[in-house]
Enquirer: 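Please read through the structure below; I'll follow up with questions.
Indexing begins at 1, ligand by ligand and atom by atom, following the structure's order. Quantities reported herein were computed from a predicted structural model and do not represent experimental measurements.
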Amino acid sequence: MKLRLLPLAIVFAAFALTLGLGQCRKAEVAIPQRLSFSPIPSDLADSFSGENAYQHVANVVAFGPRPPASEGFEKTLQYLETTLASFGWQTTRQKLRAATPDGPTDFTNLIARHSTAAPHPESTPVLIGGHIDSKKLPFPFVGANDGGSSTGVLLEIARVLSSQPAAAAQIELVFFDGEEAFRPNITPSDGLYGSKYFAHDLSTRRSWPSIGIVLDIIGDPNFPLFYNPEAPPAFAEAVTDIATTLAFKNPVVLAPGPIIDDHVPLQNTGLPCLHLIGDFSQMTYWHQPGDTLDKVDADMLEKVGKLTLRFLSVIQSPESN
Ligand SMILES: [Zn+2]
C-alpha cells in the first residue's frame with residue numbers, strides 16, 4: 001500500500017502545483033473580454049438624414065485632395081473634430097509614422113467616443129469605421145465617393161446616436177488615415193496604414209469590442225453594395241433582411257470574393273466585422289478625376305446610414321471568446 005500511496009501523493013502534489021502555476025500564468029496573460037452589446041433603439045435609424053450626410057461629404061470634398069499629411073487632410077481632421085464635438089463626442093488624434101513607397105510618412109487616425117463612453121484603454125462594444133484619406137494621385141483627386149461618402153455617413157451617425165447617450169456610449173467611431181496605397185494597389189506593405197496601427201493598439205487594450213463595422217465607397221446608388229464573405233452568418237442575414245425593407249436601387253449582396261480594406265486588420269484581431277462597399281470594379285471613375293460630388297447621392301447615404309443603425313438595433317453580440 002505504501003508503495004502505491006507514495007506515487008499517488010506525488011502525483012497529487014504535482015497536479016496541485018500544475019493547477020497553481022496554471023492560474024498564475026492565466027493571470028499574467030489574461031485574455032480581455034469582448035464587451036457584450038445591447039441593441040440600440042430601433043427608431044434611432046428613422047432620424048438619420050441623407051441630406052445631412054451629403055452636406056458633410058460636400059464640405060469635406062471642398063477641402064480638396066486629402067492624402068495623408070496634406071493641407072486638405074488637416075482641414076478634414078479639424079472639420080471632423082469640430083463637428084463631432086458639437087454632437088457631444090470627444091476625439092483623439094492617433095498619430096503614427098510608417099514607411100511607404102514614397103518614404104516615411106505621418107498618418108493620423110481620428111478616434112471618437114461619446115462623452116459618456118469608457119476611456120481608452122477600455123473599448124466600447126462596437127466599432128464603426130471608414131477612411132478619410134483620398135488616394136495620392138498625379139492629378140487632383142477628391143474621392144467624393146471613395147473616402148468622402150463613408151465620412152459623411154459616420155458624422156450623421158454620430159449626430160443620431162448623440163440623442164441616446166446610452167446607445168452612443170456603446171460605440172467608438174474611427175476615421176482611418178492611410179487606407180489608400182501609394183502605388184496602384186494595396187499590398188502587404190502598402191495601404192491600410194492607419195487601420196493596421198489601430199488594430200495593433202486595439203489588441204493591447206484591457207477590453208475588446210465584439211462587433212466591427214467598416215463602410216467604404218457607399219454613396220453611389222447605381223452599383224450593388226457588397227458585404228464581406230467573412231461576416232458571421234447572423235450579420236449577413238440581418239443585412240440582407242434590412243436591405244430588403246430599405247429598397248435599395250441595386251441589390252445588397254455577398255461580395256464575390258474577399259476585399260482588402262480597413263476591416264481586414266480588425267478581423268485579424270479576431271473581431272467579427274461587417275464590411276459594406278460599393279462595387280468599385282464597375283465604377284469607371286474609381287481612383288480617377290471623376291470621383292466627384294455628383295457621384296454621391298443623398299438618398300443612398302440615407303439608406304446606408306439607416307442600414308447601419310438598424311443593424312445595430314437587431315444584432316446580438318457574437319459568441320464571446
Ligand atoms: Zn480608394
Enquirer: Quick check: does any side chain N or O of K295 sit under 3.5 Å from a backbone N or O of G290, one acting as donor and the other as acceptor?
Expert: yes
Enquirer: I need the full list of side-chain hydrogen bond (donor to acceptor under 3.5 Å, both in side chains) pairs touching residues 65-78, with sequence neighbours left out, sorted by first then second residue.
Expert: E71-K75, E74-Q78, E74-R93
Enquirer: Quick one: which of V61, L293, V57 gives a side-chain contact (heavy atoms from CB on, under 4.5 Å) with V142?
Expert: V61
Enquirer: Using atom types as modelled and distance alone, determine if a side-chain donor or acceptor of D177 lies under 3.5 Å from a backbone N or O of D133.
Expert: no
Enquirer: How about H131: does one of its N, O or S atoms come closer than 2.8 Å to the Zn ion (ligand 1)?
Expert: no
Enquirer: What N/O/S atom of H287 is the closest to the Zn ion (ligand 1)?
Expert: NE2
Enquirer: N/O/S of E180 less than 2.8 Å from the Zn ion (ligand 1)?
Expert: yes
Enquirer: Any N/O/S atom of D146 sitting less than 2.8 Å from the Zn ion (ligand 1), backbone or side chain?
Expert: yes
